Amino acid sequence: MNVEFMDEVTDMSIRNRLKELRHDHRMNQTEFAAFLGLSVYQYNRYEKEAREPTLDNAMLISERLGMTVNEIFYREES
């Protein structure tokens, strides 16, 4: 593998619009987590970007919100 490519990939962080979307839905974290089918703890970690969702959870969230994964989650250079 090309080492430069690997370094370039690891310099990218996954960001999300979850807090903004939660506010758009006028819900607190507990309500929004239940709406998405997640635990409050798990949702809180995603919203604070302390943890990235698995692909399955990202797809679940996007389906519940009626959005594409890329409309919710995006890459940002570190």
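Remember, predicted model here, so these are calculated numbers, not experimental data.
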Is there a path from [X] to [Y] through hydrophobic residues (I, L, V, M, F, W, Y) whose side chains come within less than 4.5 Å of each other?
X: Tyr46; Y: Val40; value: no
X: Ile61; Y: Tyr41; value: no
X: Leu21; Y: Met59; value: yes

Next on the checklist: Does Ile72 form a side chain to side chain contact (heavy atoms under 4.5 Å, CB included) with Ser62? I'd like the steps, not just the answer.
Outcome noted: CA-CA 7 Å; Ile72 303 165; Ser62 72; 3.8 Å; yes
Item to check | By side chain to side chain contact (heavy atoms under 4.5 Å, CB included) - contacts of His25 (at least two apart) | outcome: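 Partners of His25 under the side chain to side chain contact (heavy atoms under 4.5 Å, CB included) test: Met27, Phe32, Phe35, Leu65.
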Only counting residues at least two apart or in another chain, list the ones meeting side-chain hydrogen bond (donor to acceptor under 3.5 Å, both in side chains) with [X].
X: Arg17; answer: Glu20
X: Tyr43; answer: Glu47
X: Asn16; answer: none

Item to check | Residue pairs, two or more places apart or on separate chains, that pass salt bridge (charged side-chain N to carboxylate O under 4.0 Å, His left out) and touch residues 53-74 | outcome: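 Those involving residues 53-74 do not exist here.
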Checklist entry - Going by the salt bridge (charged side-chain N to carboxylate O under 4.0 Å, His left out) test, which pairs reach into residues 23-36, not counting sequence neighbours? => result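 Sorted result for residues 23-36: empty, none.
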Next on the checklist: As an exercise, state the distance from CZ of Arg22 to CG of Leu36, rounded to the nearest 0.5 Å.
Outcome noted: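 Rounded to the nearest 0.5 Å, the CZ-CG separation comes to 10.5 Å.
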For a quick test of reading the model, state the closest non-hydrogen atom pair linking [X] to [Y] and the distance between them.
X: Ala33; Y: Ser39; result: CB-O, 3.8 Å
X: Pro53; Y: Ala58; result: CB-N, 4.1 Å
X: Leu60; Y: Gly37; result: CD2-O, 4.4 Å
X: Asn44; Y: Gln29; result: ND2-OE1, 2.9 Å

Item to check | Contact list for residues 50-77, test ring-ring contact (aromatic ring centres under 6.0 Å, His included), sequence neighbours left out | outcome: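 Pairs touching residues 50-77 that pass the test: none.
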Item to check | Stepwise side chain to side chain contact (heavy atoms under 4.5 Å, CB included) test for Ile14 and Glu49 | outcome: CA-CA 8 Å; Ile14 302 296; Glu49 297 176 344; over 6 Å; no
